[in-house]
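Excluded from the calculations below are hydrogen atoms, water molecules and symmetry mates; all remaining heavy atoms, backbone and side chain alike, are included.
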Amino acid sequence: FFSSLFKGVRGNMVYANTYYDGRMQSNVHTDNRKTLLAVGVAAVSCACVALMMTTEGSTSLYTTVNPTLASRVTVSTIPGRVHMPEQVQMVPRLQAAVTPEGTTEPRLPVQLPREAPTPSLASLGSVVLGAVALAFTVAAAGVKLLRKKPSYMEVLGESDLEAQPWAMATTVAKERVLNRMNADQIKVVEGMSDWATENILPMANEVSKNWQPQDYLPDPQAPDFEEQVEKLRERSNKLPDDYLVVLVGDMITEEALPTYMTMLNTLEGTRDETGASSTPWAVWTRKWTAEENRHGDLLNKYLYLTGRVDMKAIESTIQRLIGSGMDPQTDNNPYLGFIYTSFQERATRVSHGNTARMAKEAGDMQLGIICGLIAADETRHEKAYCKIVEELFRRDPNGTMLCFADMMKKQITMPAHLMDDGEHEEKNSGRNLFGDFASVAEKVGVYTAEDYTDILEYLIKRWKIEDMTDLSEEAEAAKQYLLKLPARYRNLAKRVAARKKAIGEAKFSWINDRPLMI
């Protein structure tokens with residue numbers, strides 16, 4: 001009993017909703033089952049004691065007794081007092097009421113004495129157990145309220161790294177504590193509107209200065225259109241299947257753009273409230289979306305013209321992905337949202353940069369140029385989001401530091417983590433499509449564990465995390481956690497690589513089920 005009670009209370013103290021400078025940190029679960037069990041046991045014990053006491057004291061102070069059986073009955077007179085047979089004292093009125101044998105025995109109310117007899121061991125034990133349980137529960141609740149809050153270094157442990165974040169996790173926590181902005185943070189974001197107008201909006205290009213997909217595709221109005229398509233197909237024939245799988249996966253990720261705009265419009269204080277709002281945040285989101293839209297369009301049309309992929313399977317995957325949405329765990333908080341987009345834009349820049357290099361190495365120079373253009377856009381967008389977070393650090397260093405650590409604790413979930421074509425699992429022993437796509441991307445070197453760690457390290461340097469001083473105790477702990485994280489990731493990557501084994505053969509519907517080794 002005491003063990004279960006202690007574990008339950010302790011579990012709830014360690015894993016309960018934890019606040020840092022007024023901000024509820026997400027992904028810190030509450031061990032409610034243990035606590036409820038412990039409190040339940042204590043409550044039941046107390047209830048039993050109360051029931052026993054109530055039951056024992058419910059008998060009237062005056063009880064009806066058969067005088068001939070008086071020596072064999074136990075009578076309770078007042079709550080908590082039990083009279084054993086030998087303690088029953090017969091009063092004169094009772095003796096006078098005895099009738100001859102064989103006649104009807106009179107039943108008279110008899111008032112028994114009020115001496116305090118010795119309680120039974122069961123009664124004493126129940127009282128003590130209930131009292132201790134109640135006292136312990138109350139004390140534990142008080143300790144929980146007064147207990148020093150755990151630091152990030154205590155809450156974020158080595159076991160968190162075992163999830164291998166660079167592996168593009170395919171699932172996210174279904175239940176978590178949301179890390180919403182507090183009143184001070186809302187004021188910080190609201191106060192950045194003029195700054196965003198001057199510093200962020202200029203980073204979106206005018207339409208006339210942007211490239212368009214048609215600039216890099218065969219011209220359907222040209223007399224030699226078919227000739228242009230034939231040359232494109234000759235070049236693309238040199239591309240290996242594993243490269244095509246990665247390129248298709250990247251294209252599908254870009255095509256799920258409606259989901260990403262939806263995510264940005266969940267962020268408090270920066271969302272587009274009307275769909276055509278004139279606030280700088282809303283204008284930026286729409287311009288960013290319009291620029292990103294060209295990426296999926298260009299890759300989609302290029303892959304269509306190659307004739308090497310199953311476009312219906314690809315289109316089915318795109319529709320399923322948009323319908324499934326995404327959960328980046330940004331909790332409607334722009335602090336988390338802009339940290340996530342800073343990381344993610346750099347990740348897509350790395351991915352498209354690598355596909356550009358590989359396309360050129362395979363002999364498709366045009367595709368190399370296309371992927372390079374997309375990577376350049378991602379670089380500009382990354383700079384915009386990094387600039388926003390940099391300003392947040394300037395205005396609210398403690399809050400932003402805590403959110404940076406929180407986002408890395410939860411890990412950067414890839415935007416297409418819910419990718420599904422409706423048939424991959426059945427054809428591949430239940431394996432997840434996105435997981436196999438991620439394995440191919442790592443195998444060919446498009447996006448790896450080293451890339452994930454390099455991005456984190458870059459952001460730490462970009463935002464000058466190591467140089468920040470005068471932080472709160474919790475923010476300082478978060479800073480130390482972040483500074484140690486890259487080395488921990490690299491060590492984990494080495495351990496994982498040392499024991500990594502080949503999964504086997506995988507069939508992707510995108511390339512007509514041609515088998516690949518992963």
Under 3.5 Å, is there a donor-acceptor pair linking the side chains of [X] and [Y]?
X: Trp288; Y: Glu345; answer: yes
X: Gln319; Y: Glu315; answer: no
X: Tyr335; Y: Asp406; answer: no
X: Tyr489; Y: Asp454; answer: no
X: Thr197; Y: Asp194; answer: no
X: Ser509; Y: Asp421; answer: yes
X: Asn205; Y: Asn210; answer: yes
X: Glu255; Y: Asn300; answer: yes
X: Asp436; Y: His424; answer: yes

Ionic contact status for [Y] with [X], cut-off 4.0 Å:
X: Arg462; Y: Glu390; answer: yes
X: Arg380; Y: Glu291; answer: yes
X: Lys410; Y: Asp331; answer: yes

Is the shortest heavy-atom distance from the side chain of Thr341 to the side chain of His381 under 4.5 Å?
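No, their side chains stay 4.5 Å or more apart.
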Give a yes/no verdict on a cation-pi contact between Arg294 and Trp211, requiring under 6.0 Å between NZ or CZ and the six-membered ring centre and an angle within 45° of the axis.
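Verdict for Trp211: a cation-pi partner in Arg294.
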Row check, Tyr458 ring normal vs Arg346 NZ/CZ: under 6.0 Å, within 45°
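Yes.
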